[in-house]
Amino acid sequence: MEDHSLAVQNDSVALTEYALDLAIGQEFPDVETCRRRLKNIALVQHFDLRIVKSDRSRFIAKCSKEGCPWRVHVAKCPGVPTFTVRTLHGEHTCEGVLNLHHQQASVGWVARSVEARIRDNPRYKPKEILQDIRDQHGVAVSYMQAWRGKERSMAALHGTFEEGYRVLPAYCEQIKKTNPGSIASVFATGQENCFHRLFTSYRASIYGFIHACRPLLELDRAHLKGKYLGSVLCASAVDADDTLFPLAIAIVDVESDENWMWFMSELRKLLGVNTDNMPRLTILSERQRGVVEAVETHFPSAFHGFCLRYVSENFRDTFKNAKLVNIFWNAVYALTAVEFDSKIAEMTEISQDVITWFQHFPPQLWAVAYFEGVRYGHFTLGVTELLYNWALECHELPIVQMMEHIRDQLSSWYNDRRNMGMSWTSILVPSAEKRILEAMADARCYQVLRANEVEFEIVSTERTNIVDIQTRVCSCRRWHIYGLPCAHAAAALMSCGHNVHLFAEPCFTVASYRETYSQLIHPIPDKSLWKEPGDGTEGGSTNVDIMIRPPKTRRPPGRPKKKVLRVENFKRPKRVVQCGRCHMLGHSQKKCTLPN
């Protein structure tokens, strides 16, 4: 807050010094610069400016108050485009503007005033704009003036939403040109070539997933709240340190079963082209109908499970019973079918409705004891939060700028993680290293009985477990489920002098982590440097000469809701009152203390 206030104060001082600097003989590069300077003077000195004459050769203005002598005459210099101040009467005899309103505080002036701030922070809110303008210039503007000024400034900085769609084919060409092996394709629909779909996947992401990540993908979407709405779809992998690793991103005009089917088809083609042996994937999602059908069609052998957070929230909201929820979580993480079934019996004693709920959410799709896919301890959708952050950060940007924001963020993440991975000296990544050390510490209290070269009997006060270090299996099932030696396995390995770290799955090693981020995502040149040849792109899916228009879907009229929320969690926001006199928030005109 201190930095923000200081910036406002410095901007105010700079503007004041700049605006009051007016003298006979002073030159301006053009008449528009002259107009803007005079408007700033009028705003700073709190008087209304009346333009007497404005054409290609002269600009004459005076104070709007009758009888006030303030007047300026600016004329074009002969033979050059510049204008110079010929006559200036700089003294006022009027009292000026007594209230906070000002005719010169137009939408265009607001846009120019906030341009630098919006360049650094596209999420600069209209209510913050009107407050800063009041603090900085002593001028009151309405919320809609602030909003329109921001929209105009955003268009000047980033281009219009319509232009963003128009240059999408050329942008896709630039992705493939600067990042060879990447996939970028845009699709239009209808006779008017309205935007339909955009699919992108960088070579760095494709390589990292195929060569170093576990065969696990998260699927989710977030709705965009920009001018033309739409949705962002994403398939994200998980790296060795359990961090998200986005593989493919799509923007679609609307979330639908058809668009999910297309997205999974593109994902299938992506993997098919880049690998000889398609891995048997584990896919996590909220299992919406369209997603389920798309996965079954294009990845029929994949294990498709529920996100545990989604399942648990549904259970909690259905039963609203704290005791049931606690038993449910015990059932979720039960390692064996016997343990799971005992917890289910406890729940049914409390409520028979649990049986019906399990029919809608079969345990085979989420329970640790029954799910057959390879999750290695990754049970929830981390990509959900990522997508909603992208939607929140980018919904006011045209589509190309939105994709550039995402590309820049991915590039930054990959570079940071690449450097971090190079600094590690252990065999396993930190998160896996921590769990291995915990298992080794717990193993010291077990008794180890060796049956043969590879089989061990691990005796504890609770139970006895059988460990096979050749097949990497423990009867507790934790080694298989989590991909890291459990305490029983650690006890067996330590008893015969093996390094426990070497028996973790390869996807948890520092070497895999480094391989994941070994490729670079290269920057895209400035738009002014793009070449737009007339030939089509690979597969004929895009052509840089195609004029893609915005989709038919548009944001409804009215003040846009800037906060991105799920529909089910949406609550009506508290109404904020704005004064019709001083335009400040928090009180009505009746309670305004400003004199009429």
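One is the number of the first residue; the rest follow in order along the sequence.
In this structure, E163 and P398 have side chains that are not in contact, with every pair of non-hydrogen atoms separated by 4.5 Å or more. Looking only at side-chain heavy atoms (C-beta outward), L284 and Y310 stay at 4.5 Å or farther from each other. In this structure, the side chains of V374 and L216 stay at 4.5 Å or more apart for every pair of heavy atoms. Considering only heavy atoms from C-beta on, V311 stays 4.5 Å or farther from F379 through its side chain. Here the side chains of L520 and N179 are not in contact, with every heavy-atom distance at 4.5 Å or above. Counting only heavy atoms from C-beta outward, the side chains of L428 and T509 approach each other to under 4.5 Å. With contacts defined as side-chain heavy-atom distances shorter than 4.5 Å, the pair I249/L410 qualifies. Within the 4.5 Å cutoff, no side-chain heavy atoms of P523 are placed close to those of T178.
Ring orientation note: the planes of Y414 and Y517 are nearly perpendicular, at an angle over 60° on the 30°/60° scale. Between Y165 and F195, the two ring planes are tilted [angle within 30° to 60°]. Between W366 and F328, the ring planes lie tilted relative to each other; the angle falls in the 30° to 60° range.
Partners of E453 according to the salt bridge (charged side-chain N to carboxylate O under 4.0 Å, His left out) rule, which considers only residues two or more places apart in sequence or in another chain, are R450. Remark: W260 pairs with F263 by the ring pair (Phe, Tyr, Trp, His ring centres under 6.0 Å) rule, at least two apart or across chains. Not counting sequence neighbours, the partners of H498 by the ring pair (Phe, Tyr, Trp, His ring centres under 6.0 Å) test are F503. Residues passing the salt bridge (charged side-chain N to carboxylate O under 4.0 Å, His left out) test with R197, sequence neighbours excluded: E258. Remark: F508 engages Y376 in a ring pair (Phe, Tyr, Trp, His ring centres under 6.0 Å) (not counting sequence neighbours).
For R309 (side chain) and L381 (main-chain N/O), a donor-acceptor pair under 3.5 Å exists by modelled atom type. S475 contributes a side-chain N or O that, together with a main-chain N or O of I466, makes up a donor-acceptor pair within less than 3.5 Å. With hydrogens and angles ignored, the 3.5 Å screen pairs a side-chain donor or acceptor of R514 with a backbone N or O of G421. When atom types are taken as modelled, the side chain of E218 and the backbone of G382 share a donor-acceptor pair closer than 3.5 angstrom. Side-chain N or O atoms of S205 include none that pairs as donor or acceptor with a backbone N or O of S201 at under 3.5 Å. Proximity of a side-chain donor or acceptor of T380 to a complementary backbone N or O of C307 within less than 3.5 Å is not detected. For the pair D408 (side chain) and E404 (backbone), a donor-acceptor distance under 3.5 Å is absent.
Atom OG1 of T200 is separated from atom CG of L270 by 10.5 Å, given to the nearest 0.5 angstrom. Put simply, CD1 on I210 and OG1 on T516 are 12.0 Å apart, with the number rounded to the nearest 0.5 Å. A distance of 11.5 Å separates CD1 of I251 from CG of N259, quoted to the nearest 0.5 Å. Atom CD of Q447 and atom OG1 of T461 lie 11.5 Å apart (nearest 0.5 Å). A distance of 10.0 Å separates CG of N330 from CD of E339, quoted to the nearest 0.5 Å.
Shown here is H480, whose NE2 atom has no more than 12 heavy atoms of other residues, nucleotides or ligands within 6.0 Å. Annotation for E385: atom CD does not count as buried by contact number, only 12 or fewer foreign heavy atoms lying within 6.0 Å.
Under a 4.0 Å N-O distance rule, the pair R417/D241 does not qualify as a salt bridge.
Taking all atoms of both residues into account, the shortest heavy-atom contact from N465 to C474 is CB-SG, 4.1 Å. In this structure, A235 and L267 approach most closely via the heavy-atom pair CB-CD2, 3.9 Å. Closest non-hydrogen pair, K343 versus I327, comes out as O-CG2, 3.6 Å. Here the shortest heavy-atom pairing between L397 and F161 reads O-CE2, 3.4 Å. Counting all heavy atoms, side chain and backbone alike, P506 lies closest to S512 at O-OG, 2.6 Å. Contact between C172 and L198 at its shortest, heavy atoms only, is SG-CD1, 3.6 Å.
Partner of D242 under the salt bridge (charged side-chain N to carboxylate O under 4.0 Å, His left out) criterion, out of R435, R214, R375: R214 alone.
Side-chain N/O atoms of Q409 and W390 include a donor and acceptor closer than 3.5 Å. Side-chain atoms of Y207 and E515 form a donor-acceptor pair, as typed in the model, at a separation below 3.5 Å.
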Would you give me the side-chain donor-acceptor pairs under 3.5 Å for residues 293-304, sequence neighbours excluded?
unit_1, atom_1, unit_2, atom_2, d
T297, OG1, E293, O, 2.8
H298, NE2, M261, O, 3.3
H304, NE2, S285, OG, 2.7

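Aromatic rings of F306 and F371 (six-membered ring for Trp) have centroids beyond the 6.0 Å cut-off, not under it.
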>> What verdict does the side-chain contact (heavy atoms from CB on, under 4.5 Å) test give for V291 and E286, after you've listed the backbone C-alpha separation in whole Å, the side-chain angles of each residue and the deciding distance to 0.1 Å?
In response: CA-CA 8 Å; V291 178; E286 294 182 358; over 6 Å; no
